[in-house]
Q: 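Shown below is the structure under consideration.
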Amino acid sequence: MYPVPRRIALFIDGANLYATAKTLGFDIDYKRLLKEFEAGSTLLRAFYYTAVLEDQEFSSIRPLVDWLDYNGYTVVTKATKEFVDASGRRKVKGNMDIELAVDAMELAGRIDEMILFSGDGDFRPLVVAVQRRGVRVAVVSTIATQPPMIADELRRQADVFIDLAELRAKIGRAPSERQAAREREARGHYAQRQTSRPSSGSNEFGR
């Protein structure tokens, strides 16, 4: 009789994972990340949480959000809020902790393992609550930086700690690769526009 694959769910704190990978000097390849954690498991859901700038038509995060949405991720977003603190400094607020925690608790009864991509110590009570429901919790962050990107209390609470630095070869790509991919895509769009451009004397409908 074959063993039943463990049921897992990924919970990605987008801003935290981005900052951690950037500090380590590489970009996340989200297609490879999904394949890495799907291997040998039944992946029920891969959540990606991020705040987006309010009242801004284009944001640098938008292309990534759109790609994730079409490639196996459940993207959860909310608009950031701008405010002025007590010292008069303008700040942006876009915390997704509550949304992540609610989704994790709702799914806890259907999974064997929760994989949390964040080093934020505020998630420790969530990890405790999920563990009480019999779910194993793995936390992905890094201690390879100074200071470490993960809060010590979160790392201690997790059943398993996975250092993002050790996953680099499997789920990462160098920033130069990203730039090269963008350039290839831009050249492809340019070539497509050139070949689809109507000949002289024709309008856009080919008349």
Q: Donor-acceptor check, side chain of R110 to backbone of L44, threshold 3.5 angstrom: yes or no?
A: no

Q: Do F11 and D103 make a side-chain contact, defined as non-hydrogen atoms from C-beta onward lying under 4.5 Å apart?
A: yes

Q: With distance as the sole test, does Q157 use its side chain to make a donor-acceptor pair with the main-chain N or O of F123 at under 3.5 Å?
A: no

Q: Show, in sequence, the C-alpha distance, side-chain angles and deciding distance for Y73 and L34, and conclude whether the side chain to side chain contact (heavy atoms under 4.5 Å, CB included) test is met.
A: CA-CA 9 Å; Y73 288 85; L34 212 56; 3.7 Å; yes

Q: So, taking the atom named CZ in F26 and the one named CZ in R168, what distance separates them when rounded to the nearest 0.5 Å?
A: 6.0 Å

Q: Would the distance check show the side chain of N16 and the main-chain N or O of G119 forming a donor-acceptor pair, the cut-off being under 3.5 Å?
A: yes

Q: Got T74 and F47 here, is their nearest side-chain heavy-atom distance under 4.5 Å?
A: yes

Q: If hydrophobic clusters are built from ILVMFWY residues whose side chains come within less than 4.5 Å, do V52 and I12 share one?
A: yes

Q: Looking at CG of L64 and CG of D27, how far apart are the two atoms once the value is rounded to the nearest 0.5 Å?
A: 10.0 Å

Q: Under a 4.5 Å cut-off applied to non-hydrogen side-chain atoms, are I171 and I28 in contact?
A: yes

Q: First locate atom CD1 of I150, then atom CZ of R155, and finally report the distance between them rounded to the nearest 0.5 Å.
A: 7.0 Å

Q: Is M149 reachable from I115 through a run of I, L, V, M, F, W or Y residues, each pair having side-chain heavy atoms under 4.5 Å apart?
A: no

Q: Identify the heavy atoms of S118 and D13 that sit nearest to each other, and give their distance.
A: OG-OD2, 3.1 Å

Q: Rounded to the nearest 0.5 Å, how far does CG of L167 lie from CD1 of I162?
A: 6.0 Å

Q: Considering only heavy atoms from C-beta outward, does the side chain of L17 approach that of L164 to under 4.5 Å?
A: yes

Q: Can you name the nearest heavy-atom pair linking Y49 to M96, along with the distance?
A: CB-CB, 3.9 Å

Q: Please say yes or no: joined through hydrophobic side-chain contacts below 4.5 Å, possibly via intermediate residues, are V137 and V128 part of one cluster?
A: no

Q: Please round to the nearest 0.5 Å and tell me the distance separating atom OH of Y48 and atom OH of Y30.
A: 4.0 Å

Q: Check whether any side-chain N or O of R32 sits under 3.5 Å from a backbone N or O of K170 as a donor-acceptor pair, and report yes or no.
A: yes

Q: Tell me the closest heavy-atom pair linking A144 and D163, and the distance in Å.
A: N-OD2, 3.9 Å

Q: Do the side chains of V130 and L116 get nearer than 4.5 Å, heavy atoms only?
A: no

Q: Whether the side chain of D112 engages the backbone of R7 through a donor-acceptor N/O pair (distance < 3.5 Å, no angle test) should be reported.
A: yes

Q: Hey, quick one: are L33 and W67 part of the same hydrophobic cluster, counting side-chain heavy atoms closer than 4.5 Å, chains of contacts allowed?
A: yes

Q: Could you tell me which non-hydrogen atom of P125 sits nearest to which non-hydrogen atom of G121, and how far apart they are?
A: CD-O, 4.3 Å

Q: Taking all atoms of both residues into account, what is the closest heavy-atom pair of A9 and L43, and its distance?
A: CA-CD1, 4.2 Å

Q: Nearest 0.5 Å, please: how far is CD1 in I143 from CZ in F161?
A: 5.0 Å

Q: So which atom in L24 and which in A165 form the shortest heavy-atom distance, rounded to 0.1 Å?
A: CD1-N, 3.8 Å

Q: If only atom types and distance count, is the side chain of R136 paired as donor or acceptor with the main-chain N or O of V160 below 3.5 Å?
A: no

Q: Under 3.5 Å, side chain of R133 to main-chain N/O of M105, donor-acceptor pair present?
A: yes

Q: Tell me, with the steps shown, if I98 and K78 meet side chain to side chain contact (heavy atoms under 4.5 Å, CB included).
A: CA-CA 11 Å; I98 296 298; K78 75 176 179 183; over 6 Å; no

